[in-house]
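Within every chain, numbering begins at 1; the chains are lettered A, B, ... in the order of the sequence lines, protein sequences first and strands thereafter.
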Protein chains: 2
Amino acid sequence: MFSKACEYAVRATLLVASHSLMDERVSVKDIAEATASPVAFTAKIMQQLNRGGILYSVQGKQGGFEMTREQMQATKLSQIVTLIDGDRVFTGCGLGLRECNAKKPCPLHERFSTVRGELKAMLDSTTVLDLALGLKDGLTFLRV
Amino acid sequence: MFSKACEYAVRATLLVASHSLMDERVSVKDIAEATASPVAFTAKIMQQLNRGGILYSVQGKQGGFEMTREQMQATKLSQIVTLIDGDRVFTGCGLGLRECNAKKPCPLHERFSTVRGELKAMLDSTTVLDLALGLKDGLTFLRV
DNA sequence: TTTAAATCGGATAAAATTATCCTGTTTAAA
DNA sequence: TTTAAACAGGATAATTTTATCCGATTTAAA
């Protein structure tokens with residue numbers, strides 16, 4: 001569904017958010033540990049999230065990553081997915097055709113569009129804050 | 001969403017089906033051309049579809065691929081997806097966690113399960129025959 | 001002021017996926 | 001019977017994705 005990079009990105013973002021809710025800053029090492037992700041790869045992804053404005057970094061000793069409550073509220077999951085994976089998952093043809101649309105549809109076009117629309121609606125209506133709250137309260141988890 | 005191999009597999013299967021509806025046998029070359037897919041890679045995929053019982057091959061000169069009407073009716077899209085990509089798309093966690101379930105859910109678990117269920121329902125309720133008919137009648141397409 | 005912790009970013013490596021090549025076998029038609 | 005078209009399947013190559021490494025820079029604390 002999503003690339004591994006994207007999965008790591010969402011997990012990392014939610015971890016940073018849940019800690020920011022408690023006014024804690026987290027390092028890449030912390031993030032990788034808490035989300036069971038490879039540390040160097042996670043570092044790369046954190047750079048993308050930072051450049052993309054999803055969260056922000058603080059450099060130097062005692063540095064790490066944080067999010068403002070505004071960022072948590074403003075950031076929909078669909079934005080993280082688009083930032084890392086592009087919009088292929090939201091707009092691409094189910095059978096991989098370059099040009100597939102209502103005028104010249106692939107055999108799966110209608111049915112697939114429906115499901116894809118529901119996926120997009122779900123990710124559009126879910127904010128980082130929505131999910132970070134359950135994580136902070138120990139109701140949900142980011143690793144086994 | 002699906003691997004390229006899986007996209008090619010569905011496209012190839014639907015092409016074979018639509019031709020079988022007209023009692024025509026198609027070669028790998030025909031299939032690759034009609035579905036805009038790489039021919040050698042398509043050949044590999046046809047072997048998987050043949051071994052998996054989705055369709056069948058006829059060897060030798062004038063050989064190629066065919067499907068019985070029974071195969072078209074019995075084969076759901078979900079079976080092709082499972083054959084080529086496994087069941088990860090139907091059962092996997094949205095955030096890529098190994099163990100993610102209602103007892104110990106990831107933050108996205110509930111919402112993602114819903115959408116994934118709709119995807120599975122759609123692919124479970126769609127047969128090859130359903131889609132091959134529109135293709136045969138020129139209502140849908142497999143390439144630009 | 002020095003030191004060490006931490007991010008930044010470029011280079012490289014490993015693994016998985018996608019794609020091609022080539023030889024052998026089967027079989028219909030010449 | 002010979003020939004050529006077509007699938008089967010193993011080996012290899014290219015590309016993309018995933019992952020690691022390392023030197024440079026930033027900055028808080030010793």
Side-chain angles (χ1 to χ4, degrees), chain A residues 1-12 15-16 19 24-67 81 83-86 88-89 92 95-96 98, chain B residues 1-13 15-16 19 24-67 81 83-86 88-89 92 95-96:
Chain A
M1 187 75 80
F2 310 120
S3 69
K4 280 207 174 294
C6 186
E7 292 173 353
Y8 296 152
V10 174
R11 277 155 47 189
L15 184 87
V16 171
H19 280 266
E24 290 171 7
R25 185 180 291 167
V26 282
S27 68
V28 167
K29 191 158 157 280
D30 297 334
I31 296 167
E33 161 69 20
T35 63
S37 306
V39 56
F41 195 45
T42 299
K44 289 298 185 206
I45 289 161
M46 297 315 293
Q47 290 179 24
Q48 288 190 69
L49 293 171
N50 180 34
R51 288 193 213 104
I54 304 295
L55 40 70
Y56 64 93
S57 72
V58 177
Q59 287 199 26
K61 195 165 179 176
Q62 303 288 90
F65 295 87
E66 298 178 8
M67 282 186 94
V81 172
L83 179 67
I84 306 295
D85 282 351
R88 194 179 117 281
V89 71
L95 301 188
R98 281 286 195 75
Chain B
M1 186 76 80
F2 309 120
S3 68
K4 279 205 175 295
C6 185
E7 292 172 353
Y8 295 152
V10 174
R11 275 151 55 186
T13 301
L15 184 87
V16 171
H19 279 265
E24 291 172 7
R25 186 179 292 167
V26 281
S27 68
V28 166
K29 191 158 159 279
D30 296 335
I31 297 167
E33 162 68 21
T35 63
S37 306
V39 58
F41 195 45
T42 299
K44 290 298 186 204
I45 290 161
M46 297 315 293
Q47 290 180 25
Q48 289 190 69
L49 293 170
N50 181 33
R51 288 193 214 106
I54 304 295
L55 39 71
Y56 63 94
S57 72
V58 177
Q59 288 198 28
K61 194 166 179 176
Q62 302 288 89
F65 296 86
E66 298 178 7
M67 282 185 94
V81 172
L83 179 66
I84 307 294
D85 281 351
R88 195 179 118 280
V89 70
L95 302 187

Subject >> Test log, rule side-chain contact (heavy atoms from CB on, under 4.5 Å), inputs Ile54(A) and Gln48(A) >> reply: CA-CA 9 Å; Ile54(A) 304 295; Gln48(A) 288 190 69; over 6 Å; no
**OP:** Carefully, step by step, assess Glu33(B) and Lys29(B) under the rule side-chain contact (heavy atoms from CB on, under 4.5 Å).
**Re:** CA-CA 6 Å; Glu33(B) 162 68 21; Lys29(B) 191 158 159 279; 5.9 Å; no
**OP:** Carefully, step by step, assess Leu55(A) and Met46(A) under the rule side-chain contact (heavy atoms from CB on, under 4.5 Å).
**Re:** CA-CA 9 Å; Leu55(A) 40 70; Met46(A) 297 315 293; 3.7 Å; yes
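Taking for each of Ala43(A) and Thr42(B) the nucleotide of DNA chain C with the nearest heavy atom, the 5'-most of the two is the partner of Ala43(A).
Rounded to whole angstrom, the span from the CD atom of Glu7(A) across to the C1' atom of dT17(D) amounts to 13 Å. When the C1' atom of dT20(D) is taken as reference, atom NZ of Lys4(A) falls 16 Å away, rounded to whole Å. At whole-Å resolution of the value, CD in Glu66(B) and C1' in dC7(D) are 13 Å apart. Across the protein-nucleic acid pair, Leu49(B) atom CG and dA8(D) atom C1' stand 14 Å apart, rounded to whole Å. Spacing between atom CD1 of Ile45(B) and atom P of dA8(D) amounts to 13 Å, rounded to whole angstrom units. With rounding to whole Å, Tyr56(B) atom OH is found 17 Å from dT26(C) atom C1'. Per the geometry, CD belonging to Gln47(A) stands 14 Å off P belonging to dA11(C), to the nearest Å. Between the CD atom of Gln59(A) and the P atom of dT26(D) there is a distance of 7 Å, rounded to whole Å.
You'll find the ring centres of Tyr8(B) and Phe41(B) inside the 6.0 Å limit.
At the heavy-atom level, Gly60(B) lies under 4.0 Å from base atoms of the strands shown.
Contact check, Tyr8(A) against dA19(D): a side-chain N or O comes under 4.0 Å of OP1 or OP2. Of the side-chain N and O atoms in Arg51(B), none sit less than 4.0 angstrom from OP1 or OP2 of dA8(D). Applying the 4.0 Å criterion to OP1 and OP2 of dC8(C), one finds that Asn50(A) has a side-chain N or O inside that range. Taking side-chain N and O atoms only, Gln62(A) has no distance below 4.0 Å to OP1 or OP2 of dA5(C).
Interatomic distance, CD of Gln59(B) versus CG of Asn50(B), reported as 8.5 Å (0.5 Å rounding). One finds the CD1 atom of Ile45(A) at 9.5 Å from the CZ atom of Arg11(A) (value rounded to the nearest 0.5 Å). Between Ile31(B) atom CD1 and Phe65(B) atom CZ the span is 5.5 Å, to the nearest 0.5 Å.
Checking dA28(C), dG10(C), dA8(D) against every side-chain atom of Ser57(B), the shortest atom distance belongs to dA8(D). Out of dA28(D), dC8(C), dA29(C), the shortest distance to the side chain of Lys61(B) is found at dA29(C).
Residues from residues 27-38 of chain A that place a heavy atom under 4.0 Å from any atom of DNA chain C, listed by number: Ser27(A), Val28(A).
Applying the salt bridge (charged side-chain N to carboxylate O under 4.0 Å, His left out) rule to pairs touching residues 57-67 of chain B yields Arg25(B)-Glu66(B), sequence neighbours excluded.
A donor-acceptor pair under 3.5 Å is formed between the side chain of Ser37(A) and the backbone N or O of Thr35(A). Looking at Asp85(B), its side chain does come within 3.5 Å of a backbone N or O of Ser3(B) through a donor-acceptor pair.
For the helix from dT1(C)-dA30(D) to dA30(C)-dT1(D), the angle separating the two terminal helix axes comes to 10°, with each axis derived from five pairs and the value rounded to 10°.
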